[in-house]
Amino acid sequence: VETRINLNLQKQYFLCDNITTSPDSITLYGYKEILDTLTCVYTQEYTSEKLKDTLNTVLLLDIPEHCKANPSKINVTAPIEFYTESDIDLSITIKNLPQNISVKTIPEKLNVSFLVGLSKYKEIRPSDFILSLDYEVLRKSDSNYETVTLESYPTYIKNPYLKDNKVKWLIEFVEPK
């Protein structure tokens, strides 16, 4: 079952998780020639206006002509939440770093800003993010400045961005112990 929902949210609200349907599948009865052409069944179209709370609604299904469905309607949930802007200072991980090499970056940490729903605000940890530089890129670079990549971040945050994504870097050789 595929939903056809157009959500218009109030300012500072966003869809904080996937839209879910219950049940997520149905039994469709009809002529084999019709059923063989179908990959899914759609809900009737639904549009919300200035939504600021989780949507729980029942939608009828658009059933092809000469077919019957069990059930013929489904429950749809669209979790909506108020969000706020937050930021976090993160260390930079150097990828592909040989054991006898150390890389220093200036600055050592960069600030990442993002939007997060209030229910997840206190769950944010630096370990949920990965900022990285690749040693192989540094080694081949002609510049002392390189772009840091935001490689990983929690799925429940929106619009993450680095306020400044360039760092100065220095490669040091480390004596084996």
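Excluded from the calculations below are hydrogen atoms, water molecules and symmetry mates; all remaining heavy atoms, backbone and side chain alike, are included.
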Give the table of side-chain donor-acceptor pairs shorter than 3.5 Å for residues 39-46, with sequence neighbours excluded, one pair per line with atom names and distance.
unit_1	atom_1	unit_2	atom_2	d
Thr43	OG1	Arg4	N	3.0

Under 3.5 Å, which donor-acceptor pairs link side chains of residues 22-38 to any protein atom two or more places apart or in another chain?
unit_1	atom_1	unit_2	atom_2	d
Lys32	NZ	Asp36	OD2	2.7
Thr37	OG1	Ile34	O	2.6

Name each donor-acceptor pair under 3.5 Å that joins a side chain in residues 121-129 to protein atoms two or more places apart or in another chain, with its distance.
unit_1	atom_1	unit_2	atom_2	d
Arg125	NH1	Lys122	O	3.0
Arg125	NH2	Lys122	O	3.4
Asp128	OD2	Arg125	N	3.1

For residues 140-150, which side-chain N or O atoms pair as donor and acceptor with protein atoms under 3.5 Å away, sequence neighbours left out?
unit_1	atom_1	unit_2	atom_2	d
Ser141	OG	Ser143	N	3.0
Ser141	OG	Ser143	O	3.2
Ser141	OG	Glu146	OE1	3.2
Ser143	OG	Tyr145	N	2.9
Ser143	OG	Tyr145	O	3.1
Thr147	OG1	Lys166	NZ	2.8

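With respect to Ile92, the side-chain contact (heavy atoms from CB on, under 4.5 Å) criterion is satisfied by exactly one of Thr105, Val103, Ile130: Thr105.
Taking all atoms of both residues into account, the shortest heavy-atom contact from Ser102 to Val174 is CB-CG2, 3.6 Å. In terms of heavy-atom proximity, Leu9 sits nearest to Leu15 at CD1-N, 3.7 Å. The two residues Leu7 and Ala78 make their nearest non-hydrogen contact at CD1-CB, 4.0 Å. When all heavy atoms of Ile80 and Leu55 are compared, the closest pair comes out as CG1-N, 4.3 Å.
For residues 51-83, the set of pairs meeting the ring pair (Phe, Tyr, Trp, His ring centres under 6.0 Å) definition, not counting sequence neighbours, comprises Tyr13-Phe82, Phe14-Tyr83. A salt bridge (Lys or Arg N to Asp or Glu O under 4.0 Å) check over residues 94-110, counting only residues at least two apart or in different chains, returns the pairs Lys95-Glu151. Sorted by first and then second residue, the pairs that involve residues 79-90 and meet salt bridge (Lys or Arg N to Asp or Glu O under 4.0 Å), not counting sequence neighbours, are Asp87-Lys163.
Leu131 has its side chain within reach of Val112: a pair of non-hydrogen atoms, C-beta onward, lies under 4.5 Å apart. Between Ser72 and Leu61, the closest side-chain pair of non-hydrogen atoms is not below 4.5 Å. With contacts defined as side-chain heavy-atom distances shorter than 4.5 Å, the pair Val76/Val58 does not qualify. Residues Ile5 and Ile19 have side chains in contact (heavy-atom distance under 4.5 Å, counting atoms from C-beta outward).
Within the model, atoms CG of Leu59 and OG1 of Thr3 stand 8.0 Å from one another, a figure rounded to the nearest 0.5 Å. Expressed to the nearest 0.5 Å, how far OG1 of Thr47 lies from CG of Asn8 amounts to 7.0 Å. Here CD1 of Ile157 is found 12.5 Å from NZ of Lys120. Values are rounded to the nearest 0.5 Å. In this structure, the separation between CG on Leu97 and CD on Glu136 is 9.5 Å, given to the nearest 0.5 Å. Atom OG in Ser119 sits 9.5 Å away from atom CG in Asp17 (nearest 0.5 Å).
No single ILVMFWY cluster, assembled from side-chain heavy atoms under 4.5 Å apart, contains both Tyr135 and Ile106. Residues Val167 and Ile171 share a hydrophobic cluster, clusters being chains of Ile/Leu/Val/Met/Phe/Trp/Tyr side chains in contact below 4.5 Å.
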Verdict with reasoning, Cys16 to Tyr156, per side chain to side chain contact (heavy atoms under 4.5 Å, CB included) = CA-CA 7 Å; Cys16 61; Tyr156 56 82; over 6 Å; no

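By the ring pair (Phe, Tyr, Trp, His ring centres under 6.0 Å) test, Tyr161 pairs with no residue at all, sequence neighbours left out. Take Asn56 and apply the side chain to side chain donor-acceptor pair (under 3.5 Å) test, not counting sequence neighbours, and it matches Thr77. With sequence neighbours left out, Asp134 forms a side chain to side chain donor-acceptor pair (under 3.5 Å) with Asn96. Under the side-chain contact (heavy atoms from CB on, under 4.5 Å) criterion, Glu65 pairs with no residue, sequence neighbours left out. Under the side-chain contact (heavy atoms from CB on, under 4.5 Å) criterion, Asn18 pairs with no residue, sequence neighbours left out.
By the neighbour-count criterion of 12 heavy atoms within 6.0 Å, atom OH of Tyr153 is sparsely surrounded, having that number or fewer from other residues, nucleotides or ligands.
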